[in-house]
Protein chains: 4
Amino acid sequence: MRSDARPAATSATGTPKAKRVPRAQREQQMLDAAVQVFSRCGYHAASMDEIAEASDVSKPMLYLYLGSKEELFAACIRREAARLIEAVGQAAEPGLETGEQLRRGLTAFFAFVAEHRESWIVLYQQARAQGEPVVEEVAAARRQVVDAVTLLVRRAALDSVPTPRLGERPDRGEAAAVAQAIVGAADALAGWVLDTGPEPPEETARRLMSVIWIGLEPRLHGARYAADPPTPDEPTPDESAR
Amino acid sequence: MRSDARPAATSATGTPKAKRVPRAQREQQMLDAAVQVFSRCGYHAASMDEIAEASDVSKPMLYLYLGSKEELFAACIRREAARLIEAVGQAAEPGLETGEQLRRGLTAFFAFVAEHRESWIVLYQQARAQGEPVVEEVAAARRQVVDAVTLLVRRAALDSVPTPRLGERPDRGEAAAVAQAIVGAADALAGWVLDTGPEPPEETARRLMSVIWIGLEPRLHGARYAADPPTPDEPTPDESAR
Amino acid sequence: MRSDARPAATSATGTPKAKRVPRAQREQQMLDAAVQVFSRCGYHAASMDEIAEASDVSKPMLYLYLGSKEELFAACIRREAARLIEAVGQAAEPGLETGEQLRRGLTAFFAFVAEHRESWIVLYQQARAQGEPVVEEVAAARRQVVDAVTLLVRRAALDSVPTPRLGERPDRGEAAAVAQAIVGAADALAGWVLDTGPEPPEETARRLMSVIWIGLEPRLHGARYAADPPTPDEPTPDESAR
Amino acid sequence: MRSDARPAATSATGTPKAKRVPRAQREQQMLDAAVQVFSRCGYHAASMDEIAEASDVSKPMLYLYLGSKEELFAACIRREAARLIEAVGQAAEPGLETGEQLRRGLTAFFAFVAEHRESWIVLYQQARAQGEPVVEEVAAARRQVVDAVTLLVRRAALDSVPTPRLGERPDRGEAAAVAQAIVGAADALAGWVLDTGPEPPEETARRLMSVIWIGLEPRLHGARYAADPPTPDEPTPDESAR
DNA sequence: GATGAATGAGCGTTCATTCAT
DNA sequence: GATGAATGAACGCTCATTCAT
């Protein structure tokens with residue numbers, strides 16, 4: 001149960017009990033362990049004892065370096081959120097065509113989730129059920145992503161998506177709604193893949209793009225979903241499908 | 001609400017305290033309070049003391065009727081999930097056209113979330129951060145919804161969406177992915193509306209339909225999102241996969 | 001070690017494990033034990049576990065009834081200070097002649113200390129080394145005593161002790177100084193008796209009165225201690241001795 | 001203070017940090033810091049970390065030189081008690097007249113307290129709330145002072161204060177009681193001056209002498225405080241003893 | 001049926017103390 | 001000689017849970 005087969009990638013010392021490790025490294029060690037435990041048990045059910053043991057350090061070290069359980073959790077959230085955003089941002093090069101940018105971002109996202117299962121679980125499932133200080137941290141990270149997607153959507157739409165009406169909150173426009181839907185769908189698919197077994201991230205990204213992008217483009221040319229066919233003065237969506 | 005006809009043998013006390021309430025009603029009272037408290041504090045941070053006080057019953061009653069904190073939480077989840085599914089199922093009458101069925105289901109969903117804010121928060125945010133027994137409960141409810149949507153998608157697609165290949169897990173087909181995306185998008189929009197202020201559920205449903213349904217129908221006639229073929233000067237996605 | 005021979009004076013139930021005791025009684029039980037432990041170990045060294053065990057209740061009860069370690073300590077201080085002041089105040093009937101009033105007060109004080117050894121130790125030794133909230137409590141009690149003595153001194157002095165000069169702080173007058181000295185001397189004698197073995201409180205009071213009162217009366221007729229005999233215009237104390 | 005003559009073999013580092021300080025000096029440094037911290041926080045609340053930091057040495061040094069927290073505290077007590085006794089003893093030159101000797105000792109005492117506020121607080125307030133080993137140290141110092149005062153008192157009394165009866169403990173005689181009262185009164189006045197603002201030590205000493213010495217001298221000629229004889233209409237104290 | 005009284009168990013946190021360098 | 005790194009052991013406090021009335 002203790003310090004299982006982590007292959008000691010960085011410092012290949014053969015010593016079974018790594019002692020006297022410099023601070024920065026120990027901190028990462030602790031964060032690694034904390035993410036593992038938090039993702040498995042959630043914030044409250046995780047005990048500092050367990051995290052300390054998983055980190056292979058004593059509890060006082062944990063407190064000396066990370067301050068408190070809440071700060072430790074926040075540090076996990078911050079690190080993992082930064083990693084996720086970094087990975088996605090890296091992939092979505094600004095020079096690309098809009099759709100391609102989104103597709104690559106999504107691919108990077110699904111790849112990240114597959115590779116960092118625990119990070120994702122902590123961010124998406126555990127961090128949202130906490131008290132204010134932490135939940136705001138993760139909400140901010142999510143907002144950052146949603147805002148980026150909103151920009152993409154708006155850019156893709158050129159001028160065809162109506163500019164927010166005067167006085168309307170900027171986060172309430174149609175583009176924002178679409179971005180929220182996209183991000184939410186991505187979240188759900190990420191969880192779905194985690195549950196049902198792996199598939200190439202490109203495949204998952206394609207699946208999502210097939211739903212949203214094909215649907216997005218017609219809208220950009222004015223298509224709207226109309227509840228009831230009886231309204232004849234609105235063009236049927238079918239017409240604008242390409 | 002039901003007047004208890006038992007002769008007031010012991011109720012001759014002048015205390016205005018409502019006593020001798022039938023069990024079923026008491027249970028609902030407790031569940032109501034529990035949902036309130038759980039949604040506000042989360043599972044762990046909520047204390048049985050607080051719930052008992054909010055229920056206006058003593059703690060031993062709570063335990064007598066609901067068994068334990070975990071069972072109480074599960075009961076909350078079960079009741080709220082049932083209510084949600086009931087509401088959505090009610091709205092999506094089987095006789096309707098597929099798209100309309102989905103639209104009405106979504107509308108009912110957004111209406112439910114607006115009206116039962118706490119139920120939704122417990123189901124969507126709190127219940128997912130728990131240990132196995134409870135999380136499975138809510139996962140089952142979600143699966144039920146996703147399956148229904150999957151059926152809709154598949155029906156809408158007629159034959160154009162490829163039937164799951166033989167031996168393929170039924171939850172891995174394209175229709176299932178689309179359903180997951182839809183449900184995830186709906187979740188996200190529900191949270192978005194909760195955060196940014198109310199709007200008519202029909203409007204939110206329309207927003208989502210505009211994204212997914214307009215996109216879905218072309219696919220039903222064979223459209224697929226292809227990353228590169230249209231842009232031959234673009235590198236294959238494989239290269240950028242990480 | 002547990003629940004030793006406390007003779008169950010109040011409720012002579014023969015049950016060896018007194019259960020289901022009404023709250024008020026339990027609270028006194030806890031305070032009794034806490035005073036014992038605090039007097040033996042001091043505030044910090046005393047552990048709530050130890051106090052709980054000495055009270056013959058579990059720790060949660062301690063917290064439920066008394067709130068926190070600090071509040072518990074404060075409650076001890078308050079109760080014991082009140083008892084002490086009550087005892088002394090009772091003895092020093094206002095109608096008596098001034099000197100007699102003081103003598104009776106001192107007698108009651110020494111009797112109290114002899115009878116409530118622990119209370120006294122907590123008040124005098126332990127409570128003064130704490131952080132602000134508690135130290136102020138005990139300081140206030142002491143001030144109350146000193147003020148009473150100051151009044152006595154001033155009354156005894158009639159007008160012969162100079163009224164505080166204009167603008168002088170009321171607690172800086174000569175009478176206040178004398179009162180402080182008296183109380184300090186009483187404290188010291190109380191400790192001395194505790195250390196060296198009991199003697200009748202009347203005897204200890206007489207000892208102190210012999211020092212201060214005989215000295216006080218000449219002063220009341222103008223005697224002052226002069227450092228150097230060379231000042232011939234001030235009467236030698238000897239003259240005013242009666 | 002003693003310059004260490006060892007050749008500066010390793011001290012060739014250009015660091016401005018004061019290194020290679022001789023042991024004796026370092027020790028004083030630590031004691032200084034410790035007294036500061038102990039007087040501010042009390043024994044338990046003071047942490048070795050804080051003391052080490054205030055001493056500008058590392059914690060292992062602290063332990064190497066002073067052994068343990070308790071030993072460190074005891075060392076503080078010892079040093080400060082020695083300083084106090086030295087100061088008082090210096091002032092009370094044996095050649096002087098008895099009263100003058102006492103007056104000068106008291107003056108020195110009040111001067112010391114004013115000048116070494118922290119030392120006094122540690123000795124008088126903090127050290128008394130500890131467990132056995134330390135409390136004995138400070139009790140011994142106090143005993144030394146009391147004994148000196150007892151001698152003074154006895155000397156002043158010539159033969160008029162009855163010599164301890166045969167077999168009586170030497171610390172139980174009337175002279176001892178008087179000495180205790182004097183020291184206790186001095187303690188109280190010291191605290192009083194600390195609380196209410198400074199005044200010349202001579203003034204405080206005069207105040208105390210006015211109370212005790214004027215009263216003492218009549219006693220030396222046989223005066224005793226008698227509770228009732230002078231007032232025949234007053235009940236005997238015995239009756240009111242509780 | 002209903003509840004005030006009571007607790008076992010465990011968690012977050014800190015501190016005096018000591019290696020290994 | 002001097003120190004950053006590390007820990008065993010408690011302590012204050014709380015909570016889900018259950019008697020005894």
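Nothing here was measured: the structure is a model prediction, and the numbers come from that model. Protein chains get the first letters and strands the later ones, always in sequence-line order, with residue 1 at the start of each.
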Report summary line: From CG of A:D56 across to C1' of F:dT7 the rounded distance in Å is 13 Å
Query raised in the report: Would B:Q29 and B:R26 count as a side chain to side chain contact (heavy atoms under 4.5 Å, CB included) if you check the C-alpha gap in whole Å, the side-chain angles of each, and the deciding distance to 0.1 Å?
Result: CA-CA 5 Å; B:Q29 214 174 102; B:R26 267 276 152 82; 3.8 Å; yes
Query - Short side-chain N/O contact from B:R26 to OP1 or OP2 of E:dA2, under 4.0 Å - result: yes
Report summary line: Closest non-hydrogen atoms of C:V37 and C:A46, given as atom of the first, atom of the second and distance, are CG1-CB, 3.7 Å
Query raised in the report: What integer distance in Å separates B:L62:CG from F:dT18:C1'?
Result: 13 Å
**Report entry** Between CD on residue B:Q125 and CZ on residue B:F38, distance to nearest 0.5 Å
**Finding:** 15.5 Å
Query raised in the report: Under the salt bridge (Lys or Arg N to Asp or Glu O under 4.0 Å) test, which residues partner C:E118, sequence neighbours left out?
Result: none
Going by atom type alone, with no hydrogens or angles, which donor-acceptor pairs under 3.5 Å involve a side-chain atom of residues 58-66 of chain B and a protein atom two or more places apart or on another chain?
unit_1	atom_1	unit_2	atom_2	d
B:K59	NZ	B:D49	OD1	3.3
B:K59	NZ	B:D49	OD2	3.3

Requested in this report: Write down the distance between CZ (B:R23) and C1' (E:dG1), rounded to a whole number of angstrom.
Outcome: 12 Å
Query raised in the report: Among the nucleotides E:dT7, F:dA5, E:dT3, which one has an atom lying closest to any side-chain atom of C:P60?
Result: E:dT7
Query raised in the report: Between A:E53 (CD) and F:dT7 (P), how many Å, whole number?
Result: 12 Å
Query raised in the report: Considering residues, nucleotides and ligands other than D:E53, do more than 12 of their heavy atoms fall under 6.0 Å from its CD?
Result: no
Query raised in the report: In whole angstrom, what separates B:I51's CD1 from F:dA16's P?
Result: 8 Å
**Report entry** Nearest-angstrom distance from the residue atom CG of C:L64 to C1' of E:dA6
**Finding:** 9 Å
Query raised in the report: Taking only N and O in the side chain of B:Y65, is any of them less than 4.0 Å away from OP1 or OP2 of E:dG1?
Result: no
Report task. Check the distance between F:dA5's P and A:Q29's CD and give it to me in whole angstrom. Result -> 14 Å
Report task. Please report, rounded to the nearest Å, how far the P atom of E:dC15 is from the CE atom of A:M61. Result -> 14 Å
Report summary line: The salt bridge (Lys or Arg N to Asp or Glu O under 4.0 Å) partners of D:E27 (sequence neighbours excluded) come to D:R23
Report task. Hey, could you give me the CZ/CD1 distance between D:R40 and D:I121, rounded to the nearest 0.5 Å? Result -> 11.0 Å
Requested in this report: Dot-bracket notation for DNA chain F is requested: 5' to 3', Watson-Crick or G-U wobble pairs only, both distances under 3.5 Å, with ( ), [ ], | and . as defined.
Outcome: .||||||||||||||||||||
Would you tabulate the nitrogen or oxygen pairs shorter than 3.5 Å linking the protein to nucleotides 11-13 of chain E?
unit_1	atom_1	unit_2	atom_2	d
E:dG12	OP1	A:A46	O	3.4
E:dG12	OP1	A:K69	NZ	2.4
E:dG12	OP2	A:M48	N	2.8
E:dT13	OP2	A:Y63	OH	2.9
E:dT13	OP2	A:K69	N	2.9
E:dT13	O4	A:K59	NZ	2.6

**Report entry** Which residues share a salt bridge (Lys or Arg N to Asp or Glu O under 4.0 Å) with B:R79, sequence neighbours left out
**Finding:** B:D32
